[in-house]
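First the proteins, then the strands, lettered A, B, ... as listed; each starts at 1.
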Number of protein chains: 4
Amino acid sequence: MSEFLHEECGVFGIHNRDGSDISIRMYYGLFALQHRGQESCGIAVRRGNEIVCHKGMGLVAEVFSPAVLSGLNGSAAIGHVRYSTAGRSVYENAQPIVTQYSKGAISIAHNGNLTNADRLRSELSEKGAIFQTDTDSEVLAYMIAGNRVKTHSIEMAVAEMMNVVRGAYSLLIMTPGKLIAARDRFGFRPLCIGKIGGSEVFASESSALDAIGAEFVRDVLPGEIVICDATGMRSVTPNPPGKPSHCIFEYIYFARPDSVIDQVSVYEARFRAGRLLASVHPVEADAVIGVPESGMDAAAGYSHETGIPFVRGFYKNSYVGRTFIKPEQSMRLEAVGIKLNPIRGTVSGKKIILIDDSIVRGTTIAHIVGMLRKCGAKEVHVRISAPPFLYPCFFGTDVPTGDMLIAKANTIEQIARQIGADSLGYLDIGSLSRMIGDEKHEYCDACFSGDYPKGSVDDKEEPKKQ
Amino acid sequence: MSEFLHEECGVFGIHNRDGSDISIRMYYGLFALQHRGQESCGIAVRRGNEIVCHKGMGLVAEVFSPAVLSGLNGSAAIGHVRYSTAGRSVYENAQPIVTQYSKGAISIAHNGNLTNADRLRSELSEKGAIFQTDTDSEVLAYMIAGNRVKTHSIEMAVAEMMNVVRGAYSLLIMTPGKLIAARDRFGFRPLCIGKIGGSEVFASESSALDAIGAEFVRDVLPGEIVICDATGMRSVTPNPPGKPSHCIFEYIYFARPDSVIDQVSVYEARFRAGRLLASVHPVEADAVIGVPESGMDAAAGYSHETGIPFVRGFYKNSYVGRTFIKPEQSMRLEAVGIKLNPIRGTVSGKKIILIDDSIVRGTTIAHIVGMLRKCGAKEVHVRISAPPFLYPCFFGTDVPTGDMLIAKANTIEQIARQIGADSLGYLDIGSLSRMIGDEKHEYCDACFSGDYPKGSVDDKEEPKKQ
Amino acid sequence: MSEFLHEECGVFGIHNRDGSDISIRMYYGLFALQHRGQESCGIAVRRGNEIVCHKGMGLVAEVFSPAVLSGLNGSAAIGHVRYSTAGRSVYENAQPIVTQYSKGAISIAHNGNLTNADRLRSELSEKGAIFQTDTDSEVLAYMIAGNRVKTHSIEMAVAEMMNVVRGAYSLLIMTPGKLIAARDRFGFRPLCIGKIGGSEVFASESSALDAIGAEFVRDVLPGEIVICDATGMRSVTPNPPGKPSHCIFEYIYFARPDSVIDQVSVYEARFRAGRLLASVHPVEADAVIGVPESGMDAAAGYSHETGIPFVRGFYKNSYVGRTFIKPEQSMRLEAVGIKLNPIRGTVSGKKIILIDDSIVRGTTIAHIVGMLRKCGAKEVHVRISAPPFLYPCFFGTDVPTGDMLIAKANTIEQIARQIGADSLGYLDIGSLSRMIGDEKHEYCDACFSGDYPKGSVDDKEEPKKQ
Amino acid sequence: MSEFLHEECGVFGIHNRDGSDISIRMYYGLFALQHRGQESCGIAVRRGNEIVCHKGMGLVAEVFSPAVLSGLNGSAAIGHVRYSTAGRSVYENAQPIVTQYSKGAISIAHNGNLTNADRLRSELSEKGAIFQTDTDSEVLAYMIAGNRVKTHSIEMAVAEMMNVVRGAYSLLIMTPGKLIAARDRFGFRPLCIGKIGGSEVFASESSALDAIGAEFVRDVLPGEIVICDATGMRSVTPNPPGKPSHCIFEYIYFARPDSVIDQVSVYEARFRAGRLLASVHPVEADAVIGVPESGMDAAAGYSHETGIPFVRGFYKNSYVGRTFIKPEQSMRLEAVGIKLNPIRGTVSGKKIILIDDSIVRGTTIAHIVGMLRKCGAKEVHVRISAPPFLYPCFFGTDVPTGDMLIAKANTIEQIARQIGADSLGYLDIGSLSRMIGDEKHEYCDACFSGDYPKGSVDDKEEPKKQ
């Protein structure tokens, strides 16, 4: 269960051409992306030459009330949901950011992670910049503002910025005249284009288009800048794109299963992962069980491939909110157990295949295996629908560092023993291309393989296989 | 999807014998029963001769903070989660109720519905009673207080009350000296006994025992009164019990699948319902899909019986909280669609069997069928894992009245047409005994059959088949 | 500074004859009485045969939002503000209480304190009553409900209740047909009648009439029952009234200075108290200073009588709200000093007369005297505009018990020394009649004199001079 | 009643030398300055090389809980309370601001108003600056950051900034190594130095020193920069100071009466204003009444000079909080009347002198005069303890613009008629020097006289007498 893995963000934007209520569409669009970030959220709306913004800590349904939304209509809007690592969970870092620069107002919403942000930040500081947040968005805003003085359009300023900035970013940028979408030249993080009425819509995932009844048009391409203004929508790709390197973990875990990302259905990729896993690591058993929710779709695929029945293994208590009190260790109750409870009848006396999408530290899966044994499971065979995590991600996935990764220092057999499984099997790296049905290998699997796309990180800090 | 059906409540209690932290156990116990009522909740704790109570509107995790819990320790406790019909959703009706009567403090938590409450209420009023709530618990408190003057023990007063009160009730009663559990003579609503350390635990469902690590002991029997005091636990059954009539809808929808109620596993009953449905209403198809979450377990059973693959049909957005803004009809967005989105690849071009546990008005299932068709489903065959609702429930299930029930005025064919299904099949009443594996027919299926257990309602207002 | 003295409550009611917005008038009426109770408040409104009630912990402006008020219109209303002693500060005790009895709905709001409540409560318990609050109002509701069965009108039931109940009460009672005001036979607590448009208004103080633009009509008389119904307003006095015994402390401290109570202006009484104090305890000085706010009006009177200038001695920080963090003793900062700061220039090198209305424990006044000395006051002469507290109040004033009262165990000289004053003078009991200009002595000064009005407390618990 | 006049801010800072709990001192210091701004507040604390900041909308006692304060300890701190004009009341504008620049963290808290901020802002924008707030503090941070690159110390950077920036500012600046206080070269806004233990304290008003038990040392001088670091406290005045021009309105209205600002006691200035007013505009009357709270101290002075008794005219309801519902005009209730109620006995049949400190639009005083007449006042003579407002303030006082000022377009007689007064008298400009006892005329009275201190505003936008 990927409780240690986090996406960094989701973005959503509308260039409104028909006077519709933009605020409620923004609301449902961001709500559909809530799984990409639950820490804070915000909507910035263009009204004439002004940009009005409302942000807050918490979920979309908490931050935006009907009263707030009624003050957020306009001719265009961009929005953001954010996850962040501990310690920087402050209002200041909520997005979109809105600033005034020499040409007026500009607002930016950003999903991804720059790999040369520190260097850029310090270069800007030397020229007098002051930083009020920890976000890459602020760096991007400075660079666009700086470039804009020297160029004749905002898209040129964005293009120059893209030439300097390294790493992963799917961006929405809004000015009094334009709404711009841009994706880094590797296309790490998803970003797609939709249409509703005559209005253009941009979203991190296609399922957010579905949520407002918009039609999917296409993905924004790696290195592409899409500009919406009064004259319509147009596209430029000013810098040479890199080899497409879509994040494989969007398919494995991050994205909604009902999304289609860069032409691949997320659900189908997961289902295929389960089938592939079954053929690589078959085992005789009475039932296939998925860890809710992260292992469910691969479990369905495993069952389909093997004919072993796919049954419910657990009840998941979904009433866990922000104020839920987690049990302390001294209570001998495990947080996992309060949230998940095995279905005794499904498990007792049975040989179980337990499917999940990843193992990070191993503590959670160990606890789940333990619960199954306590309920009388005869055998528990753990199958993971992805290869083991071994390398850090520089592109917006918050994978724990080396020591936290059980696969780093242990063999498969050692891990199996530690988590109490009768056997353990991971999907192999070689199966990933079949999983997403992409023979051209246009994805990034560096967290598993250590193969970082060439040119994706600052040459001064290029990572090596560790 | 049973969005029109609601359980009335859940109860949880602990008679503490070892000085453990009772408040945190109460918290996790009630949290495990949250599905039985989300409107309000409360915990009453005994401290010497006093009873301290904290109640509030909202979820367990909202009402109880660590600070509040730290003030709720003691030698025994009872708690409650409540659902209520609109209009009476007020703090005053939250439970447990705590009152002072001639012998001191008494607290009551109640799950169920009395069928002669109005008559009892008016008889009490004639003797000078004043009512500050709409709850049956207040009526029960008056009756116990009135009986107690004439008897020599609280359990005798409870016994006399049970002799007069009609309908469904699973009760927990706490006084300075005792903690008492009682179940009406038909055993409509569930109530079971657990043990942790030397302490007795009572819960509406066995899964709440699991949540605190307590061991299941047995169900409280119909008509039984279980008394815990300083001398231990004992049981009396002062009035002749009726024919056991456990609510069939606990198995079909209300209870957690990981609960075992009156010796029947809820998950297995649902799985069997799906298998039975498959044998009664078979159809050729490419995939079996369950409506989340209510249809999932029967869908697994249907798939198991037929070999047709059980696949995920929808993504369910679980970030819907209390403050979520529902789309207005004018937006042409359906609330259902915002919460549920079909997985296009699973559905497009396929013949689908769609499983749910009930149809009330038909609007929700119609919308879901419509979404599947819009995603390109070739055929949609709806199968319902219970018989049609035709009769009112007097025992604590909030089934809508006649006009709201689509099955009341329409044939199966008419319903199928209205909801847009290619075919529709309900489980038949005859299969229910096989569903719960109970040949002695010790359950109540009056909402389907109109056969109300004899003597279960006040003779002055005995319901008839309509 | 009377921080240890508290009024128990305030009541406000309207019998609406012209379809005006009753909720907003109730709001401003209660807001005007906020000084009488800040713990909780509530408004009960009659709508046809139903009574709708909204209550909450906190101030009127916190508990009632525009949205809540919009749901509180109707043909009559009663409201309440409450203060309570620690430990019983719970929602359950908020008023008005609303109950159902044999004749329908009834709501009661109560200011005062019954002296035989315990006995009544236990008598009612013996007959089967259960008590869900600690309030006298619940006792009154039971008694009225019990009497109503035996009589032919609600006012007769109230009259019989008044015949049995002992102590202080100013009551508002609302039923589907009537709004009734009643005052105990001694008239301890204030209650007056006003008129706005054709509607009758009842209020604890006349200033609440001013707040809604209502005209003062007259005080409710001791022992009187005033009934408003469809036929108009009428009055009965079914039981023989006692000797009027209006609470002297309403004039000294509790009531707003702009109120006129039982025909005496509160401000003028306080001003006269200062004048009388000057003639009884004169002293040469440079300035008269009042302790804000409790000593200000008497200080003006003292200055007026003596010609010694009345100047500002302190700045009072009024931003102290519910969440203000009081300094801990370890900080060597006193809560008093954070809230009050002396005006150095007024005090330094001066002989000061410092006026307050009472001394309870002496700690607060000692601290204030200390602050003046620290600012360079040459002499500080403390003058108290009331006699020393020596006896408990049974009629709704929360005077601390014996040990907390500095005057109980110390001579004037000892107190002066303890509080650091150069001299100390109290108003004498003999001056009280001149203070309120009432030669007939129709007030209660038992807290000073120990002379409890004859028949005011239960004969079984008649207090004695201690 | 100066309800249309607002101070812009207050600042408070501590350079902690003895490890005391800095957070609670900051809390009480800001609490003491709450009258200077109620919109938002914040505290920034230095911890090693980091600066931690907590800000929020609302009052000090609302924004800072014990839990928040416990996270705000460190070796130095600066804090801020803010008032702002409508429309910019957003979290982003709360202070202190904290930014990262090339040399590390810096935090700024600012009271005042720059007169060339727009020009500076646009010059900075041309060099690539982006602005995330509307505050002058952000401009100051940019300038200091820009200067710091070219100079060898932060105080030199501040000095150069002061050379360029025009207008009013009292500043606190905190870096990892220093805490710096600076005041513009005219000394418009107050700022003083205190001492507690070995620690230096800075505050907008001396009363904030009193609140934490700190000793007053001296005022920061116009143009002075005071630097606290590990080596102690030192002072530089790098730029030639202007003619001291302390804001006269601090004495008339803004400051707490218990403060001493630039060696003048605020209370005494107000008292003297009343005495001067009496000698300039005497009138026969029965009583002197002050409008609470703004007219109270001048009323005491007027009474002292004339011997006419100073009595209480009104009860002021102080329970008006953030959520108080103001009466709508349609209710024929005035907000003023709900908050202020005349003491009838003081007023009825009397000739009244009513004292306030200013008239802005005239509507409030007209309503107050009307209330007195309705209560039977025979005559009402209004006396204002300051000259009429005629000119805009550029230095941090939010005086309404021309059309809102009744004195702008009306003669004294016309104003008297409009507000319903029998006579009206303002303090004359000539008396102001006697009011503050300052023969050297080291104050700014431009809002009355139009004489803006030479060089105080940008030469490109120098205001003229209008």
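Distance alone, capped at 3.5 Å, places no donor-acceptor pair between the Asp210(D) side chain and the Asn341(C) backbone. Panel note: side chain Tyr267(D), backbone Arg312(C); a donor-acceptor pair is recorded below 3.5 Å. Between the side chain of Tyr315(C) and the backbone N or O of Ser207(D) there is no donor-acceptor pair closer than 3.5 Å.
With a 4.5 Å cut-off on non-hydrogen atoms, Ser65(D) touches chain C through its backbone but not through its side chain. Contact of Glu268(D) with chain C is made through the side chain alone, with heavy-atom distances under 4.5 Å. Using a 4.5 Å cut-off between heavy atoms, Ile325(D) contacts chain C through both its backbone and its side chain. Both the backbone and the side chain of Val320(D) come within contact range of chain C, with heavy atoms under 4.5 Å apart. Heavy atoms closer than 4.5 Å to chain C are found in the backbone of Phe64(D), but not in its side chain.
Of the candidates His35(D), Gln38(D), Glu62(D), Gln38(D) is the only one forming a side-chain hydrogen bond (donor to acceptor under 3.5 Å, both in side chains) with Tyr319(C).
Taking the six-membered ring where the residue is Trp, Phe31(D) and Phe324(C) present tilted rings, their angle falling between 30° and 60°.
Of the listed residues (Pro257(D), Gly345(D), Gly307(D)), the one with the most heavy-atom contacts under 4.5 Å to chain C is Pro257(D). The residue among Val311(D), Asp297(D), Leu69(D) with the most heavy atom pairs within less than 4.5 Å of chain C is Asp297(D). When the candidates Ser303(C), Gly301(C), Ala61(C) are compared by the number of heavy-atom contacts under 4.5 Å with chain D, Ala61(C) comes out ahead.
Distance check, rounded to the nearest 0.5 Å: OG of Ser318(C) to NZ of Lys316(D) gives 6.5 Å.
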